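Inspection log for the structure reproduced underneath, given as structure tokens.
Values in this document were obtained by computation on a predicted structure and should not be read as measured data.
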Number of protein chains: 2
Amino acid sequence: MKPATLKEIAQKLNISVSTASKALKDYPDVSKKTKALVHELAKTLNYKPNSLAVNLRNKETKTIGLIVPEVVHHFFSSVIKGIISQAEKKGYLVIILQSNESYKLEKKQLNLLMQQRVDGILISLANGTADFMHLNEIVAQDKPLVMFDKIAKLVRCSKVIIDDRKAAYDATQHLIDIGCKKIAHFRGALLPQNSIDRFLGYKKALLDNQMDYDPSLVYICECGDKSFEEGKTNALQLLEDHTDVDGIFINTDLVAIGALTAFQEKGIQVPNDIAVVGFSNWFMSSVISPSLTTINQPGFLMGKTAFKQLYKEIKSKKKNKPIALKEIILQTDLIQRASTTLSS
Amino acid sequence: MKPATLKEIAQKLNISVSTASKALKDYPDVSKKTKALVHELAKTLNYKPNSLAVNLRNKETKTIGLIVPEVVHHFFSSVIKGIISQAEKKGYLVIILQSNESYKLEKKQLNLLMQQRVDGILISLANGTADFMHLNEIVAQDKPLVMFDKIAKLVRCSKVIIDDRKAAYDATQHLIDIGCKKIAHFRGALLPQNSIDRFLGYKKALLDNQMDYDPSLVYICECGDKSFEEGKTNALQLLEDHTDVDGIFINTDLVAIGALTAFQEKGIQVPNDIAVVGFSNWFMSSVISPSLTTINQPGFLMGKTAFKQLYKEIKSKKKNKPIALKEIILQTDLIQRASTTLSS
DNA sequence: CTGAAAGCGCTTACAG
DNA sequence: CTGAAAGCGCTTACAG
């Protein structure tokens, strides 16, 4: 059973396709009688306008593209949820692609989306992305583009982010406030702006408090599939390298949980021997023992906000209005839990 | 800068649109010279065929729809990853929708996808879905449809599942094998086939081993956002209701981890006082302490397999070949870990 | 109030 | 080897 078309409806009713079309869209210049007939037949035939034809005609697809580095990831899946729930409210569908942290794939996928004529694009960059030509091309072609979380500062488009530097500063300051004297940092990969900013926030907090910044206290983790294991490995390495570290600020919760596990195995008391702060407020963090102090990173809200901004830009463009680019910074807060609550 | 069209290319080269089109597609009946010219200009203009027009003409969209109950969920996000990575290989894009476990939304979304003229649909049902008219309609309209994980047995379409009953049987048998005499079950919601099947597998294992089936040992959890809390609550309730339970088979890992946490707080030793088996092999399950014995449920593979089957059906339909419906059952295995490994 | 016409951007069977 | 024509399924400005 092929889907019904306007033509069929028109033929059965002995009217023209134009009239049928206008009747369905409740144009004022069609008689009530005709409208009723058309609507009725449309219903019985289960008529649904072919969106390909509609879109070709109207030059919009009511579809947006979304590229994330990784789908199996609590933060990104929260963002996705925020985006698709908001998009659905506005009648938009979302095509989701995953760059696997690869620059090459990201570029290819951007091309796919342009070819598909999506009305706008939402993207969080791959760790491997160091040049931004592919993004600038999108902007040059006047396609609404909003970056979130992992952004490129220099690309002229709207951005939805948190203030990673401030959040990391707060996390580090918190460790200092509870009395830590020698604070390590497990940072993320070298390229992404977030992990740079979090590192800088850590460093600045130390310096503002007249504490030494010691590069040997900074450990790197890629934060991919192996986050948990990286946390364990780094923690064990840290114990070998330094005997007097009493606090760690860790780039992301899953790595932090790995570290907590290593400490537990080694008989290191958290927080009394070493206090730990994570980042992102993964739902398991409140649940493990000791529960993890962390920075709350609002994924769902970020997705929602990014879509809203993109939607505004799509609307503006449609009306040929100038597009006001925005950099929206979402609030983060420190959530203190057992991993930094000293018992004495 | 508007995207280039075939017409523009044809005009600049003083040839017809037909020839330009054929040149780009390397039809044999176009001269080498023309082909070269067209390809070159296409490149400099950054020409990308408008897929809306192509699709309208070819009556296919190279897009499939995917409906899952929940995106922020380790199992489903693994499935999503499996689907989109496989789809990309075959040149398909994926529109993802989330039913939020709601029958009403699921129905609406199916309509959206039909209107969008996706080439096929992949779906895992909402817990709230008890009637299947909306699915039968899809089938009646000859749209390729593959259900996975949460399926409706009676709908005439392909399915990719695990053998929940057998897996649950294995899990329960394992508890019996290590010596458990009174085994409780935390089951999922009442409607979904999975949770019914897992319950039946549990029951059958008991009966096959001449153990009593006692309904008061079966607790229900909705397995939504609150899985962890439900696990805790149920575990505490169980301790109040029964003093002599020595094993539990739990519908899903996150609930099981909640239960483990409750037991730890109450000083109950796992596995020596109570042994615990979960379901799904969530990545945290190997990591917590005690690590959780569980059934491995292959999400990524399930997504990949479901797409492959859908792809076959799309191809068959295109060639007007009959479609061979399949029920594909993926392998599960019991992974034994500390939560059922008695120390004595 | 109704309908013929043009057009969105392609593809392809057909004629020359 | 090239191009005119028809058509995919719609929408809308225009004529009547």
Between [atom2] of [N] and [atom1] of [X], the distance in whole Å:
X	N	atom1	atom2	value
B/Glu60	C/dC10	CD	P	16 Å
B/Gln115	D/dG9	CD	C1'	13 Å
B/Lys62	C/dT11	NZ	P	13 Å
A/Lys7	D/dG7	NZ	P	7 Å
A/Leu24	D/dT12	CG	P	13 Å

Original post:
With a 4.0 Å cut-off on heavy atoms, is A/Thr5 in touch with a base, just the backbone sugar-phosphate, or nothing at all?
Top reply: sugar-phosphate
Original post:
Contact class for B/Asn58 vs. all strands (heavy atom < 4.0 Å): base, sugar-phosphate, or nothing?
Top reply: sugar-phosphate
Original post:
Reading DNA chain C 5' to 3', how would its secondary structure be written in dot-bracket notation, given Watson-Crick and G-U pairs with both distances under 3.5 Å, brackets [ ] for crossing pairs and | for partners on other strands?
Top reply: |||.||||||||.|||
Original post:
Do you know which two heavy atoms are closest between A/Phe76 and A/Asp149, and how far apart they sit?
Top reply: CZ-OD2, 3.9 Å
**OP:** Kindly point out which of D/dC8, C/dT11, C/dG9 is positioned nearest to the side chain of A/Leu56?
**Re:**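 Out of D/dC8, C/dT11, C/dG9, the nucleotide with an atom closest to A/Leu56's side chain is C/dG9.
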**OP:** Would you give the length of the straight line joining atom CD of B/Glu60 to atom CD1 of B/Ile314, rounded to the nearest 0.5 angstrom?
**Re:**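 Nearest 0.5 Å value for the CD-CD1 distance: 9.0 Å.
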Original post:
Mind checking what makes ring pair (Phe, Tyr, Trp, His ring centres under 6.0 Å) contact with A/Tyr103, not counting sequence neighbours?
Top reply: A/His134
**OP:** Not counting sequence neighbours, which residues clear ring pair (Phe, Tyr, Trp, His ring centres under 6.0 Å) with B/Phe75? List them please.
**Re:** none
Subject >> side chain to side chain donor-acceptor pair (under 3.5 Å) against B/Ser99, all qualifying residues, sequence neighbours excluded >> reply: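 With sequence neighbours excluded, B/Ser99 shows a side chain to side chain donor-acceptor pair (under 3.5 Å) to no residue whatsoever.
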Original post:
Got a sec, which residues hit side chain to side chain donor-acceptor pair (under 3.5 Å) with A/Gln309, two or more places apart in sequence or on another chain?
Top reply: A/Ser158, A/Glu313
Subject >> A/Asp142/A/Lys317 salt bridge by N-O under 4.0 Å criterion >> reply: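 No.
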Original post:
Is the closest basic N to carboxylate O distance between A/Lys153 and A/Glu327 below 4.0 Å?
Top reply: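 No.
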OP1 or OP2 of [N] under 4.0 Å from side-chain N/O of [X]:
X	N	value
B/Lys59	C/dT11	no
B/Lys25	C/dC10	no
A/Tyr47	D/dC10	yes

Subject >> Spacing of the P atoms in D/dG7 and C/dA4 (rounded, Å) >> reply: 16 Å
Original post:
Closer to the 5' end of DNA chain D via nearest nucleotide, is it A/Val17 or B/Ala53?
Top reply: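 Nearest-nucleotide comparison on DNA chain D picks B/Ala53.
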**OP:** Produce a footprint string for nucleotides 1-6 of chain C: one letter per nucleotide, 5' end first; B if the base is under 4.0 Å from any protein heavy atom, S if only the sugar-phosphate is, - if neither.
**Re:** BBBBBB
Original post:
Are any of the side-chain heavy atoms of A/Ile95 and A/Gln116 separated by less than 4.5 Å?
Top reply: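 Yes, their side chains come closer than 4.5 Å.
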